[in-house]
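One structure below.
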Amino acid sequence: MRTRLLNSLAAASLAVSIAVAGTGVPAQAAATTSETKRPTETAAVQAFAFDWVSAAIAVAGYLLNDGGGGANLDAAIREIKAAIAQNRTQIIAQIDAIAAAEVEGCLEAQTIEFLNIDFMDEYTLRAWAQNATSCATQASAFANAVQSPQAVDKIGFVIGPIFAIVLAARAQAGFVNGTDLVLRSQIRAYEAVVAKLTPTDCVKKRARDPGYPVDKWWECTAYNGDKGSSDWVTGNLREPDRTQAEDRATRNTSRPTAKTALPQLRALGV
């Protein structure tokens with residue numbers, strides 16, 4: 001009975017923490033404080049509360065519709081500009097943690113220069129939009145090539161704002177063609193983040209008190225040491241959901257953002 005009670009309390013506590021994380025705060029921002037998080041993680045929580053993917057998709061939708069949009073497109077671009085201006089310091093702090101000088105340099109430059117696009121002449125704007133596109137696709141290639149989960153996590157946090165910058169810049173420059181290719185690059189990057197940050201350190205737990213059916217649940221540990229447990233199930237008719245444990249263990253990484261973004265991006269049909 002003691003085992004069942006402890007499991008019940010653990011499940012209830014986890015349910016409360018998940019519910020709190022779902023009240024308007026991204027999953028990766030939940031359950032930790034600045035005192036317990038590494039500096040780049042704190043920066044990520046602050047900067048990535050904005051829904052970069054939805055903002056980018058709003059712009060992409062207009063570009064995929066042969067460049068139509070008008071006032072609504074302008075509003076979406078202004079929203080991205082405001083979010084970059086508000087969170088630029090935190091985004092750059094996260095970029096600075098990327099252990100690849102070439103990728104780090106171009107990402108930081110695009111984040112800084114994006115706020116000046118209203119002051120660029122037509123030629124400069126188009127050249128810069130092309131450079132920003134090259135930088136974003138380079139970041140996507142980096143996410144696919146690198147094997148270190150720490151490095152994947154760092155790039156995973158900045159994929160959202162960087163591709164939002166690219167799509168807004170291309171819209172401002174009048175580049176309609178190639179939008180589908182940009183989105184595919186973002187999809188590939190997020191697919192790499194999800195796959196490479198999925199915990200491999202997972203164990204199915206079993207406990208049984210005399211006179212009671214067996215209790216089963218999964219426990220996973222993410223690369224950063226965070227642990228997550230699935231809901232426990234009783235008896236032999238059902239199996240616990242490993243995915244729950246994986247998702248809960250990676251709550252403080254860029255994986256939840258990537259996992260949420262993928263179906264939205266794929267829904268564009270690119």
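In this chain, residues are counted from 1 in sequence order.
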Check whether more than 12 heavy atoms from other residues, nucleotides or ligands sit under 6.0 Å from atom [atom1] of [X], and answer yes or no.
{"X": "Lys81", "atom1": "NZ", "result": "yes"}
{"X": "Asn177", "atom1": "CG", "result": "no"}
{"X": "Gln86", "atom1": "CD", "result": "no"}

Report yes if the side chains of [X] and [Y] come closer than 4.5 Å at any heavy-atom pair, otherwise no.
{"X": "Ser54", "Y": "Gln264", "answer": "yes"}
{"X": "Val146", "Y": "Ile155", "answer": "no"}
{"X": "Asn252", "Y": "Asn224", "answer": "yes"}
{"X": "Tyr190", "Y": "Thr257", "answer": "yes"}

Practice item. Test side chain to side chain contact (heavy atoms under 4.5 Å, CB included) on Trp218 and Glu246 and set out the steps. Key: CA-CA 9 Å; Trp218 279 98; Glu246 294 171 346; over 6 Å; no
Exercise for review: Start with the C-alpha gap between Glu191 and Arg266, add the side-chain angles, then the distance that decides, and say whether salt bridge (Lys or Arg N to Asp or Glu O under 4.0 Å) holds.
Suggested key: CA-CA 11 Å; Glu191 286 174 340; Arg266 289 168 179 156; 2.9 Å; yes
**Study point:** No-hydrogen, no-angle side-chain donor-acceptor test under 3.5 Å, Asp153 and Ser254
**Key:** yes
**Study point:** Donor on one side chain, acceptor on other, Thr124 and Asp121, under 3.5 Å
**Key:** yes
Check your understanding: Given the rule in the side chain to side chain contact (heavy atoms under 4.5 Å, CB included) test, do Glu239 and Lys204 qualify, once you have shown the distances and angles that lead to the verdict?
Key -> CA-CA 10 Å; Glu239 289 297 316; Lys204 186 190 289 186; 2.8 Å; yes
[X] [atom1] to [Y] [atom2] distance, which is reported to the nearest 0.5 Å:
{"X": "Thr111", "Y": "Ile162", "atom1": "OG1", "atom2": "CD1", "value": "4.0 Å"}
{"X": "Ile187", "Y": "Ile159", "atom1": "CD1", "atom2": "CD1", "value": "12.5 Å"}
{"X": "Asp247", "Y": "Arg242", "atom1": "CG", "atom2": "CZ", "value": "11.5 Å"}
{"X": "Glu79", "Y": "Phe50", "atom1": "CD", "atom2": "CZ", "value": "4.0 Å"}
{"X": "Thr234", "Y": "Trp217", "atom1": "OG1", "atom2": "CH2", "value": "10.0 Å"}
{"X": "Leu64", "Y": "Leu183", "atom1": "CG", "atom2": "CG", "value": "6.0 Å"}

Shortest non-hydrogen contact between [X] and [Y], atoms and distance:
{"X": "Ala136", "Y": "Val166", "answer": "CB-CG2, 3.5 Å"}
{"X": "Ile80", "Y": "Ala164", "answer": "CD1-O, 3.8 Å"}
{"X": "Ile84", "Y": "Ile91", "answer": "CD1-CD1, 4.0 Å"}
{"X": "Arg206", "Y": "Val214", "answer": "NH2-CG2, 3.9 Å"}
{"X": "Ala169", "Y": "Ala129", "answer": "O-CB, 3.9 Å"}
{"X": "Ala249", "Y": "Pro199", "answer": "CB-CG, 4.3 Å"}

Exercise for review: Would you please test Lys216 and Lys205 for side chain to side chain contact (heavy atoms under 4.5 Å, CB included) and show each step?
Suggested key: CA-CA 6 Å; Lys216 296 175 290 185; Lys205 299 283 189 175; over 6 Å; no
Check your understanding: Could you give all pairs that pass the disulfide bond (SG atoms under 2.5 Å apart) test and reach residues 115-171, with sequence neighbours left out?
Key -> Cys106-Cys135
Exercise for review: Any pair with a residue in residues 140-225 that passes disulfide bond (SG atoms under 2.5 Å apart), sequence neighbours left out, goes on the list, sorted by first then second residue, please.
Suggested key: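 Disulfide bond (SG atoms under 2.5 Å apart) check on residues 140-225 returns Cys202-Cys220.
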With hydrophobic residues grouped by side-chain heavy-atom distances under 4.5 Å, do [X] and [Y] end up in a single group?
{"X": "Trp52", "Y": "Leu115", "result": "yes"}
{"X": "Val59", "Y": "Val158", "result": "yes"}
{"X": "Leu197", "Y": "Leu262", "result": "yes"}
{"X": "Leu63", "Y": "Phe175", "result": "no"}

Check your understanding: For Phe163 and Ser185, what are the C-alpha separation, side-chain angles and deciding distance, and is it a side chain to side chain contact (heavy atoms under 4.5 Å, CB included)?
Key -> CA-CA 9 Å; Phe163 275 87; Ser185 182; 3.7 Å; yes
Check your understanding: So, Arg208 side chain and Tyr212 main chain: donor-acceptor pair closer than 3.5 Å or not?
Key -> yes
**Study point:** Stepwise side-chain hydrogen bond (donor to acceptor under 3.5 Å, both in side chains) check, Gln172 with Asp118
**Key:** CA-CA 9 Å; Gln172 197 98 336; Asp118 289 333; 3.1 Å; yes
Review point. Would you call Arg248 and Asp231 a salt bridge, taking side-chain N to carboxylate O under 4.0 Å as the test?
Key: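 Counted as a salt bridge, because a side-chain N and a carboxylate O are separated by less than 4.0 Å.
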**Study point:** Criterion salt bridge (Lys or Arg N to Asp or Glu O under 4.0 Å) on Arg184 and Asp180, from CA distance to verdict
**Key:** CA-CA 6 Å; Arg184 288 176 201 168; Asp180 56 336; 3.4 Å; yes
**Study point:** ILVMFWY cluster membership beyond Ile112 - transitive side-chain contacts under 4.5 angstrom
**Key:** Ile92
Practice item. Tell me, with the steps shown, if Lys227 and Glu219 meet salt bridge (Lys or Arg N to Asp or Glu O under 4.0 Å). Key: CA-CA 7 Å; Lys227 297 181 181 297; Glu219 288 185 2; over 6 Å; no
